[in-house]
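The next block holds one structure in the form of structure tokens; read it before the comments.
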Amino acid sequence: MNKIKKLSLVFLFILVSNIKVFAGSGFELMLNVPLGASFGIFQGTITTTTIPTYPSTTVSGSVGTSIGFDSGVQAQVGYMLDFGGFAISLLGDLGYSYDSYRFSLSGSSRGMYLHSFQIGAIPKFNFGTWALGIGGGVKIPFAGTYGFDDSSYTYDFKSSEYDPPIIGYVKLTIDQYFYINDFLAIGLGAYIGYDIGLQSKTEDARVDSFDIGIQLGFKFGPRPGY
């Protein structure tokens, strides 16, 4: 009987301790708008045809980097575990992404401009009002164009020349949150990332991108340490 009482007291102590430790834990929702620059990185071998393939054109020559523009709307949703001043957020990374994958070929500007669904995960480590995130996932294009100097051509996803027709990505984010109250904050941050571009079915070629920019948004959820 004494053993049962002791075990019950130990269990009660652990339960109370956990309630105190995770008192500030709870559901989180973050809405972000990223704005940034992308630097196209050609991967593979230049031949008489290479990606992007433009109607009635062939290409050859030296390859260089060209700068493009990225934007989108992201929803990061999940749960925060609060340890008192420090917290870990386990978040899904969902949304819409507009990305450009540009490179230059013998002085001629070329690129792909894609609208994609974004699906991934991004755990975040919260230190007071600061949060560091490391994540990744895939982007699934649903519309886009090729750009060739001043001309553009619609991308035909029904007869895709890319396999698989998805883009892998990784990113690192850092944000600071300015709390309006204990459950609502305005976020201001920055990010760097890398996209693994669409791989051609017929050519050893793709265009990756290195991305850097800022992001603005809102956070709905408990303040760490609250």
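As the structure is a prediction and not an experimental result, all values here were calculated from the model. Note that the numbering runs from 1 along the sequence shown for the chain.
Judged by distance alone, the side chain of Asp195 and the main-chain N or O of Gly197 form no donor-acceptor pair under 3.5 Å. Side-chain N or O atoms of Arg102 include one that pairs as donor or acceptor with a backbone N or O of Ile67 at under 3.5 Å. With hydrogens and angles ignored, the 3.5 Å screen pairs a side-chain donor or acceptor of Ser38 with a backbone N or O of Ser100.
In this structure, Met30 CE and Leu91 CG are separated by 5.0 Å, a value rounded to the nearest 0.5 Å. Note that CZ of Phe27 and OG of Ser89 are 11.5 Å apart. Values are rounded to the nearest 0.5 Å. Going from atom CG of Leu172 over to atom CD1 of Ile192 covers 5.0 Å, rounded to the nearest 0.5 Å. Rounding to the nearest 0.5 angstrom, the gap separating the OH atom in Tyr101 from the CD1 atom in Ile41 is 11.5 Å. With values rounded to the nearest 0.5 angstrom, Phe83 atom CZ is found 5.0 Å from Ile88 atom CD1. The line from CD of Gln74 to CG of Leu94 is 9.5 Å long, rounded to the nearest 0.5 Å.
Counting non-hydrogen atoms of neighbouring residues, nucleotides and ligands closer than 6.0 angstrom, the CZ atom of Phe117 reaches no more than 12 such neighbours. Counted within 6.0 Å of OH on Tyr194, heavy atoms from surrounding residues, nucleotides or ligands total more than 12; the atom is thus considered enclosed.
Hydrophobic clustering, with ILVMFWY side chains joined whenever heavy atoms are under 4.5 angstrom apart, groups Val77 together with Phe220. With hydrophobic clusters built from ILVMFWY side chains whose heavy atoms lie under 4.5 angstrom apart, Leu216 shares a cluster with Phe178. If you chain together hydrophobic residues whose side chains sit under 4.5 Å apart, Leu188 and Ile180 never meet in one group. Tyr79 and Leu29 sit in two unconnected hydrophobic clusters of ILVMFWY residues. Membership requires side-chain heavy atoms under 4.5 Å apart, directly or through other members. Linking ILVMFWY residues whenever their side-chain heavy atoms come closer than 4.5 Å, directly or via other members, places Val170 and Ile212 in the same cluster.
Between Asp175 and Lys124 there is a side-chain heavy-atom pair separated by less than 4.5 Å. No side-chain heavy atom of Val73 sits less than 4.5 Å from a side-chain heavy atom of Leu31. Side chains of Phe218 and Ile186 form a contact here, defined as non-hydrogen atoms less than 4.5 Å apart. Contact check for Lys171 versus Asp93: side-chain heavy atoms found under the 4.5 Å cut-off. Pro141 is listed as a side-chain neighbour of Ile167, based on a closest heavy-atom distance under 4.5 Å. Residues Tyr169 and Ile196 fail the side-chain proximity criterion, which asks for heavy atoms closer than 4.5 Å. Thr173 places none of its side-chain heavy atoms less than 4.5 Å from the side chain of Asn32. The shortest side-chain heavy-atom distance between Val207 and Met112 does not fall under the 4.5 Å cut-off.
Scanning both residues, Gly36 and Phe69, for their nearest heavy atoms gives O-CD1, 3.4 Å. Minimum interatomic distance between Gly72 and Pro34 (heavy atoms only, all atoms of both residues): O-CD, 3.3 Å. Heavy-atom minimum distance, Leu35 versus Tyr191: C-OH, 3.7 Å. Between Ala190 and Gln215, the shortest heavy-atom contact is N-CG, 4.3 Å. Nearest heavy-atom pair across Gln118 and Ser97 is OE1-CB, 3.7 Å.
A donor-acceptor pair shorter than 3.5 Å cannot be found between the side chains of Asp99 and Ser116.
Ring orientation note: the planes of Tyr98 and His115 are tilted relative to one another, at an angle of 30° to 60°.
Here Phe86 and Phe127 bring their ring centres to under 6.0 angstrom of each other.
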